[in-house]
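Before any comments, here is the structure.
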Amino acid sequence: MKKKAIENQFHFPKTPTGVDGLDEITEGGFPKGRPTLICGSAGCGKTLLSMQFLIQGAIEYNEPGVFMSFEESATDLSMNIKSLGFDLEKLKREKKIAVDHVRVERSEIEEAGDYDLEGIFIRLGYAIDTLKAKRVVLDTLEALFSGLNNQAILRAELRRLFQWLKTKGVTALITAEKGEGTLTRQGLEEYVSDCVILLDHRVIEQVSTRRLRIVKYRGSIHGTNEYPFLIDEHGISVLPITSLKLNNKVSSEIVNTGVPGLNEMFSRGGFYKGSTILISGTAGTAKTTLASYFADEQCKKNKRVIYFAFEESPDQLIRNMRSIGLNLQSSIKKGLLQIHSSRPSLNGLELHLLTLRKLIKEFKPDAIVIDPISNLITVGNANEVRSMLIRLIDMLKINNITALFTTLNQQNEQLRPDLAEDSVSSLVDTWITVRDMEGIGERNRGIFIIKARGMGHSNQVREFLITDKGIKLLHVEMGPNGILTGNARKTNALRKKVSQLKIEDEVNRKDREVVRKRKLLEAQIVALKNEFESIEEELQILKATKELEVKLIAE
Amino acid sequence: MVKQKPEWQLKLYIAGQTPKSIQALDNIKKYAEEYLKGKYSIEIIDLLLNPQLAEGDQILAVPTLVRKVPEPIRKIIGNLSNEEKVLVGLNIKSI
């Protein structure tokens, strides 16, 4: 324990990168006071990354920076950066950033004898000293190689340059073009070896993804994976997959599912707020309907919802839901619901993630619906989709946003359709499956809960109906062979009714019989009584006669 | 004293009195005297003293000889020991 404390006392000095997410991967930033090499092929964002490093440094950390450009002119740079929302000219006026364009034109330069590159040193040194710069970018040094003939001098001077940068105490980024089989075309990695970051721009199945990888980082731990990154109007943001820690706060608040009857299937009466819910099912099993119900219910409670529809346009969704009695339009008017429709193939997965992220940041919803996530697989492979979803879910959880995804299962005879979607199933907290139950010449819809983290749930398959008044979960009807659905349910109900009627009939009949029997009995009683009375009367007459006789004899 | 601007205006950028700088200055003086006598001027700029001047003429190597006039601007880097290259570079002597 004590030993550990001592170890943790040393922190490798680092300079924050200013790039969203990159600090997390590099555990704090680029090595402070040392040069870092950024390499990659053309158009993968090297200049932008280094520019962002400077600008963010100047704005956020009050560290002035010098940008020495060997390719683009200062005005071009300002223009390019302006489209990303940064005002480079303003920073230049405020003496926070200096841009020096070193033009290397072979046609203008004649080499005659021994020389050195002191000119660059002087220019750089002058800029660093005037601004008291802490950050330096050299973009792209390799232009020197095409402008100057004497490689021996050039290499010696570059080595001297990097040493000199270290003594200047500036954190430097050096960009370099990727070579064939080597990190850089001119082998710059030999000179800059403290930290090397590789950028990559790949097109797989017509969809491009940018990735970033830390090749090496002396003296520090760092993320080793390839991390996708995005370039949008706010610059570069890296989306680390593994550096996010699962330490988000959880809520025990319950949100209503919006479907009467479904709430009761969960022991707590709904989903946890901030949890992730997956509704899976084959085609036409009312996944969208369930999702819309959920969205509508949240809006009724004045919660904000974003509905991402990858299959239907907003109008179509609204029309379809109106047919079953859901009025999404009114929630949209109230500003509680946003429906965003786009084809998944519109852009790459990462851009989708970014769009989601941006909308979520802007709208601050309490819940989102993505319908369906399975369509994203058409853009990337299952692994990429999974990694994107992990990041999406992490982001949602941090913001405590309840998320409901739908996914289309492939109808598969061998596999249980509800278990086919293994790519996301372990990521979600609650998993509901809707499925067709086929039999006796008809299809019926059944809904059941596969898992619900943190609460008990019903294990029954419930049949549900979609009527023009909405979704209705039916009560469980048990038959001799299990749960009855559809016509079987109706037949069963009919049979039950018939037998009930029969019993009622029987009872009625018996009642009447009893009444009749009683009447008969009573009649018999009267008859017997009458008979008895007549006998009694006879006896009395007899007795009276006898008495009269005795009396007469006695007289 | 109004002097007409010389036909050849040369600038030599150096960084301190290094051997390379001194060589370069000696060399260019020698060539100029030989080929451009009376119609040239050489301005020596020490970047250690005036580092802000480096950007204007796009100096990256030292020493650099810049031919400002006649146009177009030509640059020759190095200690100018290779006479042939200097003369061709300055366009004093055609190839």
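Order of the sequence lines fixes the chain letters, A, B, ..., with proteins taken first and strands second; residue numbering starts at 1 for each chain. Everything numeric here is computed off the predicted structure, so don't read it as measured data.
Distance check: B:Q58 CD to A:I109 CD1 gives 9.0 Å after rounding to the nearest 0.5 Å. We find the CD-CG distance between A:E118 and B:L60 to be 12.0 Å, quoted to the nearest 0.5 Å. B:K75 NZ to A:E110 CD: the interatomic distance, rounded to the nearest 0.5 Å, is 13.0 Å. Annotation: the span from A:Y115 atom OH to B:T18 atom OG1 amounts to 15.0 Å, rounded to 0.5 Å. To the nearest 0.5 Å, atoms CG (B:L53) and OH (A:Y126) are separated by 8.5 Å. Of the inter-residue distances, the one linking B:N79 atom CG with A:E111 atom CD reads 11.5 Å to the nearest 0.5 angstrom.
Counting only distance, with no hydrogens or angles, the side chain of A:R123 and the backbone of B:P51 share no donor-acceptor pair below 3.5 Å.
When the shell of 6.0 Å around NZ of A:K216 is examined, it contains more than 12 heavy atoms from other residues, nucleotides or ligands. Remark: A:E105 CD is packed, more than 12 non-hydrogen atoms of other residues, nucleotides or ligands lying under 6.0 Å away. A 6.0 Å sphere centred on NZ of A:K82 holds no more than 12 heavy atoms belonging to other residues, nucleotides or ligands.
The shortest side-chain heavy-atom distance between B:V62 and A:L117 does not fall under the 4.5 Å cut-off. A 4.5 Å side-chain heavy-atom check between B:K20 and A:D116 finds at least one atom pair inside the cut-off.
With a 4.5 Å cut-off on non-hydrogen atoms, A:L148 touches chain B through its side chain but not through its backbone. Looking at A:I153, neither its backbone nor its side chain comes within 4.5 Å of chain B, counting heavy atoms on both sides.
Interface remark: of the candidates B:Q52, B:E83, B:K85, B:Q52 forms the most heavy-atom pairs closer than 4.5 Å to chain A. Of all the listed residues (B:L65, B:I77, B:I59), the one sharing the greatest number of non-hydrogen pairs under 4.5 Å with chain A is B:I77.
Contact between B:S81 and A:G113 at its shortest, heavy atoms only, is OG-CA, 3.6 Å.
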